Amino acid sequence: MTPRNGLHIGMSLAPTWLSGEGWRRPDSRVETLFGSDFALDIARRSEAAHLDFVFRPDVSCVVADALESGSGFTSLDPTLLLAALTRETSRIGLVTTISTTFFPPYLVARQLQSLNWLSQGRVGWNIVTALQGHENFGLAAMPSAEERYARAAEFTEVVQRLWRSFPQQALLIDRANGRYADPAQVQAIAHEGDFHKVQGPLNLPEQGARIPLIQAGASDSGRDFAARVADIVFAPTPDQEAAAELRRDLSRRAERHGRNAADIRLLPGLSLFLADTREEARELFMATHARVDVARKHASIKQMTGLDLAAWPSDRRIHASDLPPLQLQPGASRTHVGLLRRLIERESLLPSELLMRPEVLSAAHWQVIGTVDDAVDEIADWAEAGVMDGFIAAPGGSFGSVYRFLDEVVPRLVERGLFRARYQGSTFAEHLRRY
C-alpha cells in the first residue's frame with residue numbers, strides 16, 4: 001500500500017561521491033572540499049528539491065595511513081560549516097553531528113542554540129557517542145558502549161534543560177519600562193549527575209523552534225537511547241527485512257518509554273550509483289572501487305568477525321560454519337559487526353563477492369546501482385512495504401549521481417505522491433510533521 005504520509009528525505013553533505021576512486025575524476029572538485037562552496041552547492045540544490053534537511057556526519061580523528069588513497073575522515077568542523085550555510089539557505093534543515101563523549105554539555109547547548117538562532121529554527125542535532133578518537137581528548141581508552149550511552153542520556157537531558165533554562169518568553173525587550181528580560185524566568189538547572197555537573201542557566205534564550213534529535217546507533221544500547229529521545233533514527237539497513245525489524249523494535253521501545261511510536265522516524269542511509277543505463281551504473285560502481293585495499297578489508301573483516309581471509313582460496317565460498325564465535329573487539333561497531341555476520345550467515349559468497357558488498361565496502365547501507373527508474377521503483381517499493389519513513393541519500397561515484405538524484409529521482413517521487421511538492425513550514429521541526 002502507499003504510505004499515509006509523505007517520505008522525509010535528507011541529503012548527506014559527507015562527500016560520499018568522492019570515496020574510493022571518485023575523487024580522481026576530473027569533475028570531482030576535490031580541491032574545494034575544505035571550503036563552504038562545496039557544501040553550499042549541494043545544500044542549495046537540496047533546498048530547491050524541498051528536501052527536509054542536509055546532514056553532516058563527523059568523527060574526531062583521522063586514519064593517517066589511509067590518506068594516501070582518499071580524504072578519509074578529513075573534514076571541516078560540521079557545526080562551523082553549517083553556520084556558513086545559514087545565510088545562504090532559508091528553508092532546509094541543517095543537521096550537525098556532535099559527540100556526547102568528548103565535549104561539555106554547556107558548550108554544545110550554546111553552539112546548537114546559537115545555530116538555531118542563526119538559521120531561524122532550522123537546526124538538528126545528530127547525537128553520536130563515537131567509536132574512536134579518545135586519544136585526542138585525554139582519555140586512555142574508549143568507554144564501553146553501555147557507559148557511552150549512559151553518558152549520552154545524561155548529556156542530552158542536560159543540554160535540553162539548559163535550552164529550557166532561558167525560555168524565549170523571558171526575553172521582554174520592553175523599552176518603555178526598561179525591562180530587557182524577566183530574571184525570574186531564567187533559572188539555573190543545578191545538575192549533578194554521574195558524569196556531569198552543570199549549574200546553568202544558558203547565556204542565550206531559546207530561539208523558539210524545537211531542535212529535533214537524530215541518533216545513528218542501531219545496537220541494543222543505541223536503539224533504547226533512540227527510542228527515548230530521537231525524532232529520527234539514521235541506521236544501516238541493507239535490506240527491507242533489516243529495516244522492518246529495526247522499525248518494529250524501535251516502535252516497541254518507544255511505547256515502553258511512554259512515547260508515540262509514530263514520533264520516531266526511521267531513515268536508512270541510501271547509497272546511490274546512478275547512470276543512464278544499468279551497465280553504466282555498474283561500471284561507475286566498479287570504477288569507484290577499482291583500487292579496493294584488499295589487505296585492509298581483510299583486516300577489517302578479521303577484526304569484526306574473527307574470520308581470516310588473508311590466505312583464503314579465491315574459489316572457496318565462505319559459509320556460516322566458517323565464522324568463529326562472536327568476540328567484539330575494542331573500537332568495533334556492534335551494528336556493523338552484526339550486519340556483516342548476518343550477511344555471511346545468509347549467503348555463501350566468494351571472497352571477491354564479499355569484498356564488494358556494502359557491509360564491507362561502506363557502512364552497510366541500502367544500495368541502488370542502476371538508473372533513475374530503478375531508484376524510484378526501489379524507493380517506492382520500500383515505502384509501500386512500510387519499512388521506513390524516508391531515507392538519507394548518500395550518492396556515490398560522481399557528482400552525476402548527486403544531480404540525478406536531486407533533479408530526476410526526487411521529482412519522480414513527487415509525481416508518485418511520495419514526497420512534498422513544496423515546503424509547508426519554515427523550520428526543521430515543521431518539516432518533520434506529517435504531510
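Treat the numbers as computed from the prediction; the structure is a model and nothing was measured. Because only heavy atoms are used, hydrogens play no part in the values below, and waters and symmetry mates are left out as well, while side chains stay in.
Across every non-hydrogen atom of T129 and S99, the tightest pair is O-OG, 3.8 Å.
The CZ atom of R164 sits 6.0 Å away from atom CD of Q160, with the distance rounded to the nearest 0.5 Å. Distance CG/D58 to CG/L76: 10.0 Å, rounded to 0.5 Å. With rounding to the nearest 0.5 Å, the separation of CZ in R256 from CZ in R228 is 11.5 Å. Taking OG1 from T427 and CZ from R433, the interatomic distance works out to 6.5 Å, rounded to the nearest 0.5 Å. Atom CD1 of I264 is separated from atom CG of D389 by 9.5 Å, given to the nearest 0.5 angstrom.
Within the 3.5 Å criterion, the main-chain N or O of P212 finds no donor-acceptor partner in the side chain of W125. Judged by distance alone, with hydrogens and angles left aside, the side-chain atoms of H8 form no donor-acceptor pair with the main-chain N or O of G390 at under 3.5 Å. Using modelled atom types, no side-chain atom of R253 and backbone atom of A227 make a donor-acceptor pair closer than 3.5 Å. A donor-acceptor distance shorter than 3.5 angstrom exists from the side chain of R122 to the backbone of S119, with no hydrogens or angles considered. Without hydrogens or angle criteria, R247 side chain to G386 main chain gives a donor-acceptor distance under 3.5 Å. Formation of a donor-acceptor pair under 3.5 Å by the N260 side chain with backbone atoms of E255 is not found in this model. No donor-acceptor pair closer than 3.5 Å links the side chain of R56 to the backbone N or O of S12. The backbone N or O of R296 sits nowhere less than 3.5 Å from a side-chain atom of S300 that would complete a donor-acceptor pair. Side chain of S46 to main chain of V54: no donor-acceptor pair is present (N/O by atom type, distance under 3.5 Å, no hydrogens or angles). In terms of modelled atom types and a separation under 3.5 Å, the side chain of D322 and the main chain of H319 share a donor-acceptor contact.
Between E241 and R346, at least one side-chain nitrogen of the basic residue sits less than 4.0 Å from a carboxylate oxygen of the acidic one, meeting the salt-bridge criterion. With respect to the salt-bridge test (charged N to carboxylate O, under 4.0 angstrom), the residues E147 and R151 qualify. A salt bridge is defined here as a Lys NZ or Arg NE, NH1 or NH2 lying under 4.0 Å from an Asp or Glu carboxylate O, and E21 with R24 meets this definition. Using a 4.0 Å cut-off between charged side-chain N and carboxylate O, D239 and R342 make a salt bridge. Comment: R210 engages D231 in a salt bridge, judged by a side-chain N to carboxylate O separation of less than 4.0 angstrom. No salt bridge links D52 with R265; every basic N to acidic carboxylate O contact stays at or beyond 4.0 Å. The pair R223-E245 meets the salt-bridge criterion, with a side-chain N (NZ, NE, NH1 or NH2) lying under 4.0 Å from an Asp/Glu carboxylate O.
A side-chain N or O of D381 and one of Q240 form a donor-acceptor pair less than 3.5 Å apart. In this model, a donor atom of one side chain and an acceptor atom of the other lie less than 3.5 Å apart for D224 and H257. When only modelled atom types and interatomic distance are considered, N126 and T97 share a side-chain donor-acceptor pair under 3.5 Å.
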Given Y423 and E47, is the side-chain contact (heavy atoms from CB on, under 4.5 Å) satisfied, shown in steps? CA-CA 9 Å; Y423 287 117; E47 186 169 75; 4.0 Å; yes
Would you please test L354 and L343 for side-chain contact (heavy atoms from CB on, under 4.5 Å) and show each step? CA-CA 9 Å; L354 180 62; L343 171 64; 3.7 Å; yes
Is there a side-chain contact (heavy atoms from CB on, under 4.5 Å) between S71 and L33? Walk through the geometry before answering. CA-CA 9 Å; S71 60; L33 189 58; 4.0 Å; yes
Going through the checks in order, is the side-chain contact (heavy atoms from CB on, under 4.5 Å) test met by V368 and L270? CA-CA 7 Å; V368 174; L270 173 54; 3.9 Å; yes
For S348 and R317, what are the C-alpha separation, side-chain angles and deciding distance, and is it a side chain to side chain donor-acceptor pair (under 3.5 Å)? CA-CA 6 Å; S348 296; R317 295 191 175 275; over 6 Å; no
Assess whether salt bridge (Lys or Arg N to Asp or Glu O under 4.0 Å) is satisfied between R412 and D377, documenting all intermediate values. CA-CA 10 Å; R412 294 275 297 282; D377 289 344; 5.4 Å; no
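With contacts defined as side-chain heavy-atom distances shorter than 4.5 Å, the pair W163/I211 qualifies. Between V229 and L213, some side-chain heavy-atom pair lies under the 4.5 Å cut-off. Between L350 and S314, every side-chain heavy-atom pair lies at or beyond the 4.5 Å cut-off. Residues Q113 and Q207 have side chains in contact (heavy-atom distance under 4.5 Å, counting atoms from C-beta outward). Looking at heavy atoms from C-beta onward, H196 lies in side-chain contact with H191 at the 4.5 angstrom threshold. Put simply, the side chain of L284 reaches to within 4.5 Å of the side chain of R25, judged on heavy atoms. Contact annotation: the side chain of T100 never approaches that of V108 to less than 4.5 Å [non-hydrogen atoms, C-beta and beyond]. V409 is listed as a side-chain neighbour of L274, based on a closest heavy-atom distance under 4.5 Å.
Aromatic pair F53/H431: centroids not less than 6.0 angstrom apart. Under the 6.0 Å cut-off for aromatic ring centres, W17 and W23 do not qualify, their centroids lying 6.0 Å or more apart.
Of the candidates I92, I392, V402, M11 forms a side-chain contact (heavy atoms from CB on, under 4.5 Å) with just one, namely V402.
A cation-pi arrangement is present between R316 and W312 under the rule of less than 6.0 angstrom and at most 45 degrees off the ring axis. Cation-pi contact between R29 and F399: present, with separation from the ring centre below 6.0 Å and deviation from the ring axis of at most 45°.
Residues passing the ring-ring contact (aromatic ring centres under 6.0 Å, His included) test with F234 are F55, H365, sequence neighbours excluded. Listed by chain and residue number, F102, F103 satisfy the ring-ring contact (aromatic ring centres under 6.0 Å, His included) test with F137 (two or more places apart in sequence, or in another chain).
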